[in-house]
2 protein chains.
Amino acid sequence: MSKAFIAGTGMTAFGTHPRRSGRDMFAEAGLAALEDAGLESEEIDEVFYGNFIGTVSENQGHQGPLVAEAVGTTAPARRVESACASSGLAIRDAVRAVRSGEADVVVAGGMERMSNMGTAGATDGLARAADDLFEVQSGVTFPAAYALMARAYFDTFGGDREDLAHVAVKNHDHALVNDHAHLQEEIAVDDVLDAPEIATPLGLYDACPISDGAAAIVLLSPSYAAERGLDTGVAITGSGHGGDTMALQDRRSLAKTPATREAANEAYTDAGIDPTDIGLVEVHDCFTIAEVLALEGLGMYGYGEALGAARRGETRRGGELPVNLSGGLKAKGHPVGATGAAQIAAVQTLLNGTHPRSDAVDDDVTVGLAHNAGGTVASASVHVLEVMA
Amino acid sequence: MSKAFIAGTGMTAFGTHPRRSGRDMFAEAGLAALEDAGLESEEIDEVFYGNFIGTVSENQGHQGPLVAEAVGTTAPARRVESACASSGLAIRDAVRAVRSGEADVVVAGGMERMSNMGTAGATDGLARAADDLFEVQSGVTFPAAYALMARAYFDTFGGDREDLAHVAVKNHDHALVNDHAHLQEEIAVDDVLDAPEIATPLGLYDACPISDGAAAIVLLSPSYAAERGLDTGVAITGSGHGGDTMALQDRRSLAKTPATREAANEAYTDAGIDPTDIGLVEVHDCFTIAEVLALEGLGMYGYGEALGAARRGETRRGGELPVNLSGGLKAKGHPVGATGAAQIAAVQTLLNGTHPRSDAVDDDVTVGLAHNAGGTVASASVHVLEVMA
């Protein structure tokens with residue numbers, strides 16, 4: 001398939017911004033992406049916006065036209081929602097729009113604000129990404145759901161909490177130089193193991209924080225990119241989307257994520273690459289176990305083989321396959337609807353040398369991947385990014 | 001552009017179903033559409049789902065995977081939200097997916113349930129389709145917003161409440177034979193004029209009801225339709241999407257809807273037709289004035305000329321251009337997220353002779369149009385449907 005050129009990316013600092021409105025945060029991210037691209041608001045053909053819970057937290061539906069105005073346009077806009085995979089899918093739809101030639105310049109991204117909901121409100125809000133009838137009303141919160149997945153993984157393949165702790169330590173370390181990260185705090189394995197348990201076997205440091213923030217990218221059609229001399233830099237060359245049952249109870253195994261596998265296979269075929277071509281990845285590590293499940297779902301490791309990767313150093317900076325150099329959801333933060341776009345922005349800047357962790361990317365790395373998941377991976381998007389020489 | 005073949009359509013009865021869950025209603029509509037298409041759930045490649053307020057009314061986000069399961073698949077699914085235009089845009093995205101060849105069989109549709117929210121809850125919910133900061137907090141509800149538009153129209157072009165009353169009378173008359181309609185009740189002009197005023201100059205009968213319901217369609221790619229011998233019947237041949245400022249205060253005129261014009265022009269160009277080729281339309285008549293604004297935005301009438309159309313009989317069954325033969329939102333009902341899909345289903349069945357009002361469609365009519373609007377037309381979708389004979 002043809003390429004979707006990334007002309008620019010932008011994001012707010014991720015953190016706790018209860019007094020900043022969604023339109024304000026998306027304006028910052030979107031206008032930064034336009035400035036990075038050297039394009040004007042008047043050139044935007046379409047806006048794709050990912051958001052999960054703004055109907056509640058912002059008291060605002062119909063956010064598409066609202067955030068389009070925030071970046072200076074009344075171009076057609078829509079909101080795409082798939083829980084934590086909202087902006088991954090917004091970008092997928094944006095990729096379709098520019099590849100088909102129906103749009104030349106699109107802004108795609110997302111935003112979330114949950115700190116204004118309070119901890120109980122945010123927990124209740126996040127639970128709406130699970131099956132209300134069959135999971136939430138039975139008491140399954142998200143930490144509980146991922147704890148069930150971790151226990152199933154340990155039961156199936158072996159391993160323990162200490163293996164997971166290395167994932168948290170690694171991602172905190174990666175975020176130390178990233179000033180946009182929510183958590184810039186060095187931690188040790190013992191900190192993770194000594195932290196309060198939130199849902200056996202997961203402790204506080206196995207979970208990402210509840211963050212506010214926005215991220216956006218500007219995508220160009222191949223013809224427009226060529227015409228403007230912007231067909232360089234980094235392009236999205238593969239896009240995939242996978243699905244699974246909503247509730248965990250309907251899955252064959254809680255230790256595998258077939259939606260990730262489905263999305264990855266589609267993206268690899270689309271880009272014409274193998275997993276072995278990929279030199280860095282950003283995966284959806286809402287909990288430490290999620291990074292492990294993602295790496296196996298993506299085919300970067302065989303099933304049961306990714307748990308020790310962080311401990312062995314393979315996925316750390318300086319390792320063979322650096323994973324979540326941005327800090328991941330775990331330390332960079334996880335403003336739900338912004339996460340998928342922030343991952344694309346991270347991979348693009350890591351590949352083009354402008355990310356604060358680009359020094360951890362080997363010179364011969366030209367292909368990266370971003371993996372975004374919704375709920376307990378009932379939906380997943382995968383994008384392949386390549387340097388265009 | 002290539003065609004997206006409509007293999008089947010389905011919908012629930014629209015009405016008051018507070019005890020039916022969203023997944024239950026979408027299952028009925030989606031499975032009916034599959035049965036109408038003669039296809040199995042296993043053949044679905046992707047699901048596009050429109051819903052506005054389910055995060056609140058169903059306590060459920062991430063509805064894509066949930067309703068995909070309801071129609072028997074774990075295929076990739078996403079929710080598209082653009083207020084009352086949610087499923088019009090879900091269908092637009094589905095059209096892109098099959099036209100590009102990325103998917104062969106897609107289910108697209110939508111659902112809304114608001115009767116369980118109570119009248120105050122539903123009014124509060126619907127207000128989230130307007131700008132919370134600049135409109136809702138100033139007291140602008142949706143009846144008030146459309147009343148402002150009606151007053152601006154009267155100020156600009158002349159006309160009065162009685163002209164609008166004829167729109168209500170017409171659409172109620174059209175719905176009399178439609179057993180899926182929320183309101184099957186014959187009304188007279190005096191009933192409309194004597195009804196309680198809800199926001200000057202609009203009365204109770206100028207507004208559509210708050211409805212529950214679901215609607216779905218099955219779309220096929222051109223190659224798959226040809227392979228299966230299903231490249232007959234009715235196809236979507238044009239698709240358009242328009243945008244405008246979110247808040248009324250930022251518009252140049254409240255008497256025109258440029259988002260509708262933008263969407264229409266795109267759809268006409270896409271289909272290679274003129275407005276004069278179109279023999280029937282379903283437009284977004286959430287209020288009587290909205291039908292008038294839509295017909296002018298679509299270029300079916302010049303600005304200021306559509307107000308008298310219902311009174312003159314032109315848009316009634318038997319008239320030159322029958323409008324909302326299904327009963328429209330006004331009488332068929334308006335389950336927000338289902339409306340755009342229900343309009344497509346209505347146009348398809350009116351064109352292929354299976355709608356209870358098909359007898360009002362002249363034999364030489366082969367082109368129809370569906371127009372779906374979000375909020376005060378800050379977003380709009382237009383689709384052109386043609387008989388493939």
Side-chain angles (χ1 to χ4, degrees), chain A residues 1 21 23 46-47 51-53 55-56 58-66 68-69 73-86 89 92-93 96-97 99-100 102 125 127-133 136 240-247 250 258-259 262-263 374-375 378-380, chain B residues 1 21 23 46-47 51-53 55-56 58-66 68-69 73-86 89 92-93 96-97 99-100 102 125 127-133 136 240-247 250 258-259 262-263 374-375 378-380:
Chain A
M1 280 287 289
S21 68
R23 70 182 93 191
E46 218 167 337
V47 176
N51 173 265
F52 170 52
I53 200 79
T55 312
V56 178
E58 305 281 304
N59 206 38
Q60 185 68 67
H62 207 195
Q63 293 173 71
L66 201 76
E69 270 190 275
T73 181
T74 55
R78 91 265 282 141
R79 171 183 167 219
V80 182
E81 188 265 315
S82 202
C84 310
S86 294
L89 289 180
R92 175 170 168 78
D93 290 341
R96 274 192 174 149
R99 279 176 152 189
S100 70
E102 291 191 55
R128 299 180 206 203
D131 188 319
D132 181 64
L133 188 59
V136 183
H241 181 187
D244 201 351
T245 68
M246 184 71 164
D250 295 318
E262 180 184 9
S379 58
Chain B
M1 280 288 288
S21 68
R23 70 182 92 190
E46 217 166 339
V47 176
N51 173 265
F52 169 53
I53 200 78
T55 311
V56 178
E58 306 280 306
N59 207 36
Q60 186 67 67
H62 207 194
Q63 293 174 69
L66 201 76
E69 270 190 274
T73 181
T74 55
R78 93 265 282 138
R79 170 183 168 220
V80 181
E81 189 265 313
S82 200
C84 310
S86 294
L89 290 179
R92 175 171 169 78
D93 290 341
R96 274 192 174 147
R99 279 176 151 189
S100 70
E102 291 191 55
R128 300 180 206 204
D131 188 318
D132 182 65
L133 188 58
V136 183
H241 181 187
D244 201 351
T245 68
M246 183 70 164
D250 295 318
E262 181 184 8
S379 58

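What you see is a predicted model, and the numbers here were worked out from it, not measured in a lab. Letters A, B, ... are given to chains in the order of the sequence lines, protein chains preceding strands, and every chain is numbered from 1.
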Measure the [atom1]-[atom2] distance between [X] and [Y] for me, rounded to the nearest 0.5 Å.
| X | Y | atom1 | atom2 | value |
| --- | --- | --- | --- | --- |
| Leu133(B) | Gln60(A) | CG | CD | 8.5 Å |
| Thr74(A) | Glu262(B) | OG1 | CD | 7.0 Å |
| Glu102(A) | Arg99(B) | CD | CZ | 6.5 Å |

If I measure from the heavy atoms of chain A, does [X] come under 4.5 Å with its side chain, its backbone, both, or neither?
| X | answer |
| --- | --- |
| Asp250(B) | side chain |
| Glu58(B) | backbone |
| Ala263(B) | neither |

- [ ] Measure from the side-chain N and O atoms of Arg79(B) to the backbone N and O of Glu81(A), and report whether any donor-acceptor pair falls under 3.5 Å.
- [x]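 Side chain of Arg79(B) to backbone of Glu81(A), a donor-acceptor pair under 3.5 Å: no, none is there.
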Open item on the list: Test your reading of the model: is there a side-chain donor-acceptor pair from Arg128(B) to the backbone of Thr55(A), 3.5 Å cut-off?
Closed with: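 Yes, the answer is positive, given that a donor and an acceptor are paired below the 3.5 Å cut-off.
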Distance-minimising heavy-atom pair for [X] and [Y]:
| X | Y | value |
| --- | --- | --- |
| Ser82(B) | Ala77(A) | OG-O, 4.0 Å |
| Arg78(B) | Asp93(A) | NH2-OD1, 2.7 Å |
| His62(B) | Ala129(A) | ND1-O, 2.9 Å |
| Glu69(A) | Met246(B) | OE1-N, 2.7 Å |

TODO: Output yes when Asp132(A) and Arg23(B) qualify as a salt bridge under the 4.0 Å nitrogen-oxygen rule, no when they do not.
DONE: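 Salt bridge flag = no for Arg23(B) with Asp132(A).
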- [ ] For each of Leu89(B), Val56(B), Asp131(B), Val80(B), tally heavy-atom pairs with chain A at distances under 4.5 Å, and name the one with the top tally.
- [x]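 Highest number of pairs under 4.5 Å: Asp131(B).
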- [ ] Flag the one option from Ser86(A), Ala259(A), Pro76(A) with the top tally of heavy-atom pairs under 4.5 Å to chain B.
- [x]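 Most heavy-atom pairs within the cutoff with chain B belong to Pro76(A).
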Open item on the list: Does any backbone or side-chain atom of Ala97(A) lie under 4.5 Å from a heavy atom of chain B? Answer side chain, backbone, both or neither.
Closed with: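 Its backbone and side chain both get close to chain B.
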- [ ] Could you look at Ala378(A) and say if it's the side chain, the backbone, both or neither that has a heavy atom under 4.5 Å from chain B?
- [x]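 Backbone plus side chain of Ala378(A), per the 4.5 Å heavy-atom cut-off to chain B.
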